[in-house]
Number of protein chains: 2
Amino acid sequence: MTVSSISRRERKKAATRQAIADAALRLFLERGYDQVSIRDIADAADVSTTTVFKHFTGKEALVFDEDQDREAQLIAAVAQRTPGQSVLDALRRHVLDTWIPIETHPQRAEFTHLVDSTPELRAYAERMWTRHTKALAAAIADAFGADHDDLACAALARYVLEIPALARGRHDLQTAVETIFGILTHGWRPPITG
Amino acid sequence: MTVSSISRRERKKAATRQAIADAALRLFLERGYDQVSIRDIADAADVSTTTVFKHFTGKEALVFDEDQDREAQLIAAVAQRTPGQSVLDALRRHVLDTWIPIETHPQRAEFTHLVDSTPELRAYAERMWTRHTKALAAAIADAFGADHDDLACAALARYVLEIPALARGRHDLQTAVETIFGILTHGWRPPITG
DNA sequence: GCACAAAAGTGCAACGAGTCAACTAAGCTA
DNA sequence: TAGCTTAGTTGACTCGTTGCACTTTTGTGC
């Protein structure tokens, strides 16, 4: 009789992984990203440095532990949009509903500061989004029966995935997102001045 | 009496810099980026590794030796556009006139292949463009008397600077560029299928 | 012409990220 | 119990990158 469907081994593995991620985030927040070495993290989690790399692909990945199914969600947002809804609208909704809550989560403040104040992490965070460009482009193309490498679809995918990076730091995230989707929907218009 | 306006020192400095860059590019093309270490390059150029880093900020910078005044050209394209020409039009012209010739230069083929087949270099090349986002955004904002961090201007700057990355590899670069500028001008439209 | 400061270059040692191979130990399976 | 699998350890190693102390070259003021 097993307590859960996953084996003890799996649980222990997950535990050490979590211990490493926790130690890493704690140390990063305490001292700053550059002032913490992988060896520090390994010591704090009481594992060897090689074990750290068995669980995480690199130092930056330690910070973004839950990147997972973003891609699946993105594709689902397009493929399973409510009938009659345009692709652009579905993407707008998806960004508003999934990204903004994450970004404005109060506990997120110091984490956001850590990322913003470390160029290496900023770059990684942006690539985290844009890495899904190809998959999203294919999903959009599928929605219209177009070729998977259709240029317009690829451009839309990329431009949509840039939105978090563009909107980050604005006082009103919702308005910012809507503004950018306005550009993608109706074309760019000079800002109203005066 | 000096032979030219630049001192002998400057010339020697430029010479070693060039020797390093040449050795680097040659070795990279021969063996591939990852199979060449900085020490290899230093040996080939007959300098010490320390000297390499005195001339170049990092390994990737050895590949892109002439990044220089791209930013100045971009800003000039916006600020000194012919009267009556829209900003979008000026940027379209600038991309068509400066980027396409570089990209389609025949001698560029193996170089392009090197960059495309090395993820590290691909990422660096993209950042080379997007690094100028802030400056271009400010130039666009100036053109309309808007705030330097105006969101619409920042978005346009970013989207325009993404165009090289989006169009790269397409059979017809000119059409690709025009298509994407079409999106930015009139908004995104589903691709024509069938 | 000469002394002197700045700059260019060298050599060496070091640090941190990341990899590799050989090993130990724990959990799973039969 | 025996035996396979796999997480984790250990230690040495590569490579990019930096810092430091030192020598050589060059431009400048005297």
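Quick note on labels: first sequence line is chain A, next is B, and so on, each numbered from 1. Being a predicted model, the structure only gives us computed values, none of them experimental.
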message: Please determine whether a side-chain nitrogen or oxygen atom of B:T51 lies at a distance below 4.0 Å from atom OP1 or OP2 of C:dG9.
response: no
message: Please list, in numerical order, the residues of residues 23-36 of chain B that have a heavy atom closer than 4.0 Å to any atom of DNA chain D.
response: B:V36
message: Please pick, from C:dT10, C:dG9, C:dG27, the nucleotide with the shortest atom-to-atom distance to any side-chain atom of A:R8.
response: C:dG27
field: Distance in angstrom units between A:R11 CZ and C:dA26 P, rounded
entry: 17 Å
message: So that I can tick it off, tell me whether A:D40 and A:R31 are bridged by a salt bridge, with the cut-off set at under 4.0 angstrom between side-chain N and carboxylate O.
response: yes
message: Suppose we call a contact any N or O donor and acceptor under 3.5 Å apart; does that hold for the side chain of A:R39 and the base of C:dG16?
response: no
- prompt: By side chain to side chain contact (heavy atoms under 4.5 Å, CB included), which residues pair with B:D116, not counting sequence neighbours?
  reply: B:T112, B:R122, B:R168
message: Classify A:D40 by what it touches in the nucleic acid, base, sugar-phosphate, or nothing, heavy-atom distance under 4.0 Å.
response: nothing
field: Any A:T50 side-chain nitrogen or oxygen under 4.0 Å from OP1 or OP2 of C:dC20
entry: no
- prompt: Between CG of A:L62 and CG of A:L121, what distance do you get to the nearest 0.5 Å?
  reply: 10.0 Å
- prompt: A:Y124 OH to C:dA17 C1': how many Å, rounded?
  reply: 15 Å
query: Whole Å only: how far is the CD1 atom of B:I41 from the C1' atom of D:dC15?
result: 12 Å
query: What integer distance in Å separates B:E120:CD from D:dT17:C1'?
result: 13 Å
- prompt: Whole-Å distance between C:dG11 P and B:I38 CD1?
  reply: 17 Å
- request: Indicate whether OP1 or OP2 belonging to C:dG27 is found under 4.0 Å from a side-chain N or O atom of A:K12.
  value: yes
field: Separation of C:dG9 P from B:K13 NZ (nearest whole Å)
entry: 7 Å
message: Below 30° counts as parallel, above 60° as perpendicular, anything between as tilted: where do the rings of A:F64 and A:Y124 land?
response: parallel
- request: Heavy atoms only: give me the nearest B:A154-B:T133 pair and the separation to one decimal.
  value: O-CG2, 4.3 Å
message: Using every non-hydrogen atom in the two residues, find where B:A61 and B:F56 come nearest and quote the distance to one decimal.
response: O-CD2, 3.8 Å
query: Any side-chain donor-acceptor pair under 3.5 Å between B:S48 and B:T51?
result: yes
field: Donor/acceptor link under 3.5 angstrom from B:S48 side chain onto base of C:dC12
entry: no
message: If you take the centroid of each ring, where Trp contributes its six-membered ring, are A:W129 and A:Y159 closer together than 6.0 Å?
response: no
query: Can we say B:K134 and B:D149 salt-bridge, meaning some charged N sits less than 4.0 Å from an Asp/Glu carboxylate O?
result: no
- request: Identify, residue by residue, the members of residues 52-63 of chain A with a heavy atom below 4.0 Å from DNA chain D, and return them in order of residue number, or none.
  value: A:K54, A:H55
